[in-house]
Amino acid sequence: MRNRLLITLSPEVVLPLLEKYKMVVIQLHEVISEMCKTTDIRYKAPRSVKSLLGEYSDEPKEGDQSKEDDEPKNKTIDKDMAA
């Protein structure tokens, strides 16, 4: 959607809309974060939100992964294939 806006509309029209979109996404993130904190639910902001906040880098930070992320997914080895 954002790419199409940039192609079909002038920057004067698109930039305020994208800024409004960014602010709404950040506000939603803040509400979700507050709700999770209040209910003791672990919340990890999506990369897209971290990027909007200027907090995202390609390198994972220590403690940035949940325990589930540490376990390999879909790494089942067939016994016949392993031999």
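Follow the hydrophobic side-chain contacts under 4.5 Å out from Leu17 and you reach Val14 in the same cluster. Residues Tyr43 and Leu53 fall into different hydrophobic clusters, defined by Ile, Leu, Val, Met, Phe, Trp and Tyr side chains chained together at heavy-atom separations under 4.5 Å. Note on Leu18 and Val24: separate hydrophobic clusters, where clusters join Ile, Leu, Val, Met, Phe, Trp and Tyr whose side-chain heavy atoms are under 4.5 Å apart, directly or indirectly.
Using a distance-only test at 3.5 Å, with no hydrogens or angles considered, a donor-acceptor pair links the side chain of Thr39 to the main chain of Met35. Side chain of Ser33 to main chain of His29: no donor-acceptor pair is present (N/O by atom type, distance under 3.5 Å, no hydrogens or angles).
Residues Pro11 and Pro16 share a closest heavy-atom pair of O-CD, 4.0 Å.
Note that CG of Leu52 and OH of Tyr21 are 7.0 Å apart. Values are rounded to the nearest 0.5 Å.
Within the 4.5 Å cutoff, the side chain of Lys22 has no heavy atoms near those of the Gln27 side chain.
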| task | For the pair Met23 and Glu19, evaluate side chain to side chain contact (heavy atoms under 4.5 Å, CB included) and give the outcome as yes or no after the intermediate values. | result | CA-CA 6 Å; Met23 296 307 296; Glu19 188 61 30; 3.9 Å; yes
